[in-house]
Amino acid sequence: MDRYEPGQIEPKWQRVWEDARAFYVDNPDPSEPAQREKFYMLEMLPYPSGDLHMGHVLNYTLGDVVTHFRRRHGFVVLRPMGFDSFGLPAENAAIRGGGHPREITERNIAAIRAQMHRLGWAIDWDREVSAHQPEYYRWTQWLFLKFLEAGLAYRKAAPVNWCPRDQTVLANEQVIDGRCELCGCEVEARNLEQWFFRITAYADALLDDHAMLDWPERTKTIQRNWIGRSEGAEVLFRVDELDLDLPVFTTRPDTLFGATFMVLAPEHPLVEQLAAGTEHEQAVSEYVKHTAARSTEERETKEKDGVFTGRYALNPATGEPVPVWVADYVLMEYGTGAIMAVPAHDERDFEFAERYGLRVVRVVEPADGSDEEPGSAFVEHTENELLVNSGRFSGQPAPEAARAIVDWLGERGRGRAAVRFRLRDWSFSRQRYWGCPIPIVYCDACGIVPVPEDELPVLLPDVEDYRPKGIPPLASNQEWLHVPCPRCGGEGVREAETMDTFVDSSWYFLRYCDPHNDQAPFDRAIADFWMPVDQYIGGIDHATGHLLYSRFFVKVMNELGLVGAREPFARLFHQGWVRLGGTKMSKSRGNVTAPDQLAEMYGADAVRLFILFMGPADQDMEWTDEGVEGIARFLRRLWRIVNEVAQQPVSGEPGDGPLARKTHATIAKVTDDIGRRFVFNTPIAALMELVNELAPAMSDPAARLAGETLVSLIQPYAPHIAEELWQRLGHERLWEHPWPVADEALLERDTFELVIQVNGKVRDRLEISADLPEAELIEQAKASPRVQAQLDGKEIRQAIVVPRKLVNFVV
RNA sequence: GCCGGGGUGGCGAAACUGGUCAUACGCGCCUGACUUAAAAUCAGGUGUCUCCUUCGGAGGCGUAAGGGUUCGAGUCCCUUCCCCGGCACCA
């Protein structure tokens, strides 16, 4: 028998699959009813940064197992691949002197594509797309124009996150703990004119439609926190002297009678007007200036401070004037940028009131009369709290009072129920080069003018210098920049900013459906056949970025009639991090084990098996080189045993002996684990068990069945060795062979092992006929000498019988 | 602080709806076979303590800690500790 040589058989079968176009799939013919059920398998597309790492291997191997498993269950499986190829790393590499970003990117794509082929993943390469190709970004631009038309893309000046190193604006989602997600330096707040997508208009839909998604609970929770929906009321506080109303947002309208002062954010537009003409005018203006110079971090950690404006507003409930203060613990970005302060029931307001000697009035008390420190914490908003000092609402339970007070305010035009979100609109313009150009022309006469659809794409031009200088690099290309206004023909200037790469990846799964369409981003009928993605796999780090943006995009596209789906990803799975020495594997940490090097040493099949055998795929795992050795050993064992089986003459029926039963139990286990439980490590263990059972039983009549089943079941994990062994067993084209079905009759046995417990402890086990009546069963159990020793003449108080499992004697 | 997920052998981990001496499968380690030797391969062993003269048995204790429910708990409930992730001056 020849040796197992993955280096020989793996390229061989990869060529066979390619020649047979095994994993390419045609779009449905609209004139014919679909023959088979579709399955859209998708993994998050890679950023082409250089090489694949083990995290990618895990991600795409998971997808590959599911792809094979579904294909062999008769589904038409769409499993495409592409590249998220715009973005800063390539541009920064270009600046460091690596050539044009396009060259760097395309070189990296070629390298990754080769690695993907080497690992034998079943991908439909006819559908490959890359974000930086004009054929793709033409439609990214087209979609932008549709969003603009619908009023869902707009340009406005707003405080935004500015990364001083990368010299660009970042979305809130790209700022982690106040730092740039990419370069790690602290971001600054800047007031700049930027492009935004109106994702906030979909805040409720994004929350509500979680109900239709089979997603991990923690991912939904992360999105829920990020969107941050709060229910409450908007209440107007009147400043009579100036004849203006100050709106505040509160989640606790029941505490309105306890609002003894107001606080405005220093950035609040009315601050200046309020303080004007009072003796505090000077102090207020200094405080505002001082705050602007404070860092976000200082603002969050220092003791609360503020200044009085010299003005009073009327509490609409009590009718009493309350002082209006300015303090930077109130944030302009949230609510209305002004609050009613209830020091008795809010820690922050209490701290502030203590410091400045402001009045504290308790308005909510526990119904049981127990005492609480004022301001120690916001009281629970439950039926167990009653209002006090609240006029005609005194004595009412808090939740009921909240509703009644809002109604009462409504009647008098002083307030209404309101909902606020933490989510901000998505700022997506970037002051950098390597991204999708925004198809806009600015014209002095016409303002912001969209580039007409038939002039798309606006091609990304070459520039002399990519270096970030605060102004977009594209602006340096004068020839490109100056164009006639598409509307009036007068002098126009192109938008020189580019789009956030998250825009590119917010619709790529739709382009895969119809990747060569040059009339539209995709044909709706085709997209409606494939969408939604049935199984999406990728990192949880995209929970508030890509996974939120894509949902938003699909919702908008649905409303624009472009697609029937309302959600992009029906089912979602997150693979864990692959770690080495305790830290996440990454290039920057230098602790990367190169997948292709390992594939060279052990074969792609061993790498694929091991990455899934290490542990549950959704859990972080620690990489060990010894582990791969173990898997390689297993594959050699499998190779030897199946080759031996193949050389034996084909015998008669497998029968119903232990090996035949074990074989069918393995089919059931592997099928259930992959199909229903979506776990991938235990099937490998089950296959190892079957190998261990087959090895000493080569002359068993079921040996051939066991061997063939092993090969068939391992195919999704290790397709090359499986195909080779399948051929040696005298068959062909395992990749399209139906998945084996367990014989229920062989899973059921006519005898079973009865476990006998005394007081819950196992004392003996007996092989018992399955149809034995209960009374007989108890007698037999009692007769066991080991049980007798335990019973030892004691009285049996109760005998619990679990059918086909155990008897428990209680003494 | 609030929300979500975890804690099982020397290690990665099994035990899926409470029911087979918990620890499958693999790694590591130990012993043996083959070999001049090594690698590879093959066979066996591997939670812990106690007892029996042995081969081999018998028994106690063990799933972060403590308590509870149950005939029976790694699995359910309560309390505490620790780890990971998200949000957080969000009114």
Side-chain angles (χ1 to χ4, degrees), chain A residues 3 216-230 232 248-252 255 259 263 265 299-302 304 327-331 333-342 345-349 351-352 377-378 420-422 540-541 543-544 576-577 609-610 613-616 618-631 633-634 636-637 640 669 672-673 676-677 679 681-692 695-696 752-765 786 789 797-811:
Chain A
R3 277 182 51 200
E217 205 44 54
R218 58 184 173 139
T219 313
K220 291 187 189 178
T221 304
I222 290 170
Q223 291 201 340
R224 212 177 293 123
N225 288 345
W226 186 260
I227 295 167
R229 186 180 201 273
S230 303
V248 301
F249 175 71
T250 177
T251 54
R252 294 295 304 275
T255 64
V263 188
R299 214 172 143 161
E300 278 171 15
T301 48
K302 69 167 177 58
K304 292 186 182 21
D328 65 2
Y329 80 91
V330 173
L331 307 174
E333 309 90 81
Y334 189 78
T336 63
I339 61 158
M340 62 177 219
V342 185
H345 304 293
D346 182 277
E347 273 180 84
R348 297 152 300 174
D349 297 345
E351 186 190 331
F352 195 78
F378 232 121
R420 294 282 157 168
F421 297 93
R422 208 197 74 100
I540 196 169
D541 47 326
T544 58
W577 296 116
L609 269 170
F610 182 58
F613 182 61
M614 282 203 291
D618 56 352
Q619 211 166 284
D620 290 359
M621 45 192 102
E622 185 71 24
W623 180 267
T624 59
D625 288 342
E626 295 80 25
V628 200
E629 296 273 5
I631 285 289
R633 204 172 296 156
F634 165 66
R636 283 194 294 267
R637 206 161 132 84
R640 203 190 69 232
K669 164 89 179 149
D672 188 56
D673 280 357
R676 180 182 64 87
R677 298 177 65 206
V679 296
N681 53 330
T682 47
I684 302 173
L687 293 171
M688 288 173 168
E689 280 186 54
L690 184 53
V691 168
N692 291 344
F752 72 99
E753 194 176 45
L754 178 74
V755 173
I756 307 159
Q757 298 179 334
V758 178
N759 285 341
K761 286 199 190 301
V762 177
R763 294 301 171 181
D764 204 0
R765 292 178 294 173
R786 295 171 52 140
R797 297 218 325 261
Q798 201 185 347
I800 288 147
V801 178
V802 180
R804 303 182 68 89
K805 278 212 174 113
L806 58 78
V807 179
N808 186 15
F809 294 113
V810 186
V811 298

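When reading the values below, keep in mind they use all heavy atoms of this one structure, side chains included, and skip hydrogens, waters and symmetry mates. Chain identifiers are assigned alphabetically (A, B, ...) following the order of the sequence lines, protein sequences preceding nucleic acid strands; residue numbering begins at 1 within each chain.
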Original post:
What nucleic acid atoms does A:Arg633 come within less than 4.0 Å of, heavy atoms only: base, sugar-phosphate, or nothing?
Top reply: sugar-phosphate

Original post:
Where does B:rG72 fall, syn or anti, if syn means a chi angle no more than 90° from 0?
Top reply: anti

Subject >> Residue matched to B:rC2 through Watson-Crick or wobble contacts both under 3.5 angstrom >> reply: B:rG86

Original post:
Within the structure shown, what part of the strands sits under 4.0 Å from A:Leu331 by heavy-atom distance: base, sugar-phosphate, or nothing?
Top reply: base

Subject >> Reported CD1-to-CD1 distance for the pair A:Ile222 and A:Ile540, which is rounded to 0.5 angstrom >> reply: 4.0 Å

Original post:
Heavy atoms under 4.0 Å, any strand shown: does A:Glu629 hit a base, just sugar-phosphate, or nothing?
Top reply: nothing

Original post:
Which base sits across from B:rC55 as a Watson-Crick or G-U pair, both distances under 3.5 Å?
Top reply: none

**OP:** Using a 4.0 Å heavy-atom cut-off across all strands, classify A:Asp349 as base, sugar-phosphate, or nothing.
**Re:** nothing

**OP:** Could you tell me the separation between the OG1 atom of A:Thr250 and the CZ atom of A:Arg420, rounded to the nearest 0.5 Å?
**Re:** 11.5 Å

Subject >> Minimum-distance nucleotide (side-chain atoms of A:Val330 versus B:rC87, B:rA24, B:rA91) >> reply: B:rA91

Original post:
Atom CZ of A:Phe613 and atom OG1 of A:Thr682: how far apart are they, to the nearest 0.5 Å?
Top reply: 10.0 Å

Original post:
Taking only side-chain nitrogens and oxygens of A:Arg677, does any of them come within less than 4.0 Å of OP1 or OP2 of B:rA15?
Top reply: yes

Subject >> Paired nucleotide for B:rG72 [Watson-Crick or G-U wobble; both distances under 3.5 Å] >> reply: none

Subject >> Reported CD1-to-CZ distance for the pair A:Ile631 and A:Phe610, which is rounded to 0.5 angstrom >> reply: 7.0 Å

**OP:** Using the closest heavy atom to pick a nucleotide of RNA chain B for each, name whichever of A:Pro616 or A:Asn692 lands nearer the 5' end.
**Re:** A:Pro616

**OP:** Nearest-nucleotide wise, let me know which of A:Arg676 and A:Met614 is further upstream toward the 5' end of RNA chain B.
**Re:** A:Met614

**OP:** Assess whether one donor atom and one acceptor atom, taken from the side chain of A:Asn225 and the base of B:rC87, lie less than 3.5 Å apart.
**Re:** no

Original post:
Can you say whether the rings of A:Tyr334 and A:Phe249 are parallel (under 30°), tilted (30 to 60°) or perpendicular (over 60°)?
Top reply: perpendicular

Original post:
Over how many whole Å does the gap from A:Arg229 atom CZ to B:rC3 atom C1' extend?
Top reply: 17 Å

Original post:
With both distances under 3.5 Å as the test, what is the Watson-Crick or G-U wobble partner of B:rC61?
Top reply: B:rG47

Original post:
If only side-chain N and O atoms of A:Thr682 are considered, is one of them under 4.0 Å from the OP1 or OP2 phosphate oxygen of B:rA24?
Top reply: no

**OP:** Report the base-pairing partner of B:rG9 (Watson-Crick or G-U wobble, both distances below 3.5 angstrom), or none.
**Re:** none

Original post:
Considering Watson-Crick and G-U wobble pairs with both distances under 3.5 Å, what does B:rG66 pair with?
Top reply: B:rC78

Original post:
So what does A:Pro216 hit on the nucleic acid, given a heavy-atom distance under 4.0 Å: a base, only sugar-phosphate, or nothing?
Top reply: nothing

**OP:** Test for a donor-acceptor pair under 3.5 Å between the base of B:rG19 and the side chain of A:Gln757, counting only N and O atoms.
**Re:** yes

Subject >> Separation of atom CG in A:Asp541 from atom C1' in B:rG86, rounded to whole Å >> reply: 13 Å

**OP:** Remember a base hit wins even if backbone is also touched, and classify A:Gly630 as base, sugar-phosphate or nothing at under 4.0 Å, heavy atoms.
**Re:** sugar-phosphate

**OP:** Report yes if at least one side-chain N or O of A:Arg636 is closer than 4.0 Å to OP1 or OP2 of B:rU41; otherwise report no.
**Re:** yes

**OP:** Ignoring backbone atoms, establish whether A:Arg3 has a side-chain N or O less than 4.0 Å from OP1 or OP2 of B:rA40.
**Re:** no

**OP:** Enter the distance from A:Met614:CE to A:Leu609:CG here, rounded to the nearest 0.5 Å.
**Re:** 12.0 Å

Original post:
For A:Asn681, which contact category applies under a 4.0 Å heavy-atom criterion: base, sugar-phosphate, or nothing?
Top reply: sugar-phosphate

Subject >> Sugar-phosphate only, base, or nothing, as touched by A:Val263 at under 4.0 Å among non-hydrogen atoms >> reply: nothing

Original post:
Rounded to whole angstrom units, what separation is found between the CG atom of A:Asp673 and the P atom of B:rA24?
Top reply: 17 Å

**OP:** Any strand is fair game: report the nucleotide pairing with B:rG18 by Watson-Crick or G-U wobble, both distances under 3.5 Å, or none.
**Re:** none

Subject >> hbond_proxy A:Arg224 side chain to B:rC3 base (donor-acceptor, 3.5 Å cutoff) >> reply: no

**OP:** Kindly say whether A:Val679 contributes a backbone atom to a donor-acceptor pair with the side chain of A:Asp673 at under 3.5 angstrom?
**Re:** no

**OP:** Name the pairing partner of B:rU41, where a pair is Watson-Crick or G-U wobble with both distances under 3.5 Å, or state none.
**Re:** B:rA33

**OP:** Report yes if at least one side-chain N or O of A:Arg218 is closer than 4.0 Å to OP1 or OP2 of B:rC84; otherwise report no.
**Re:** no

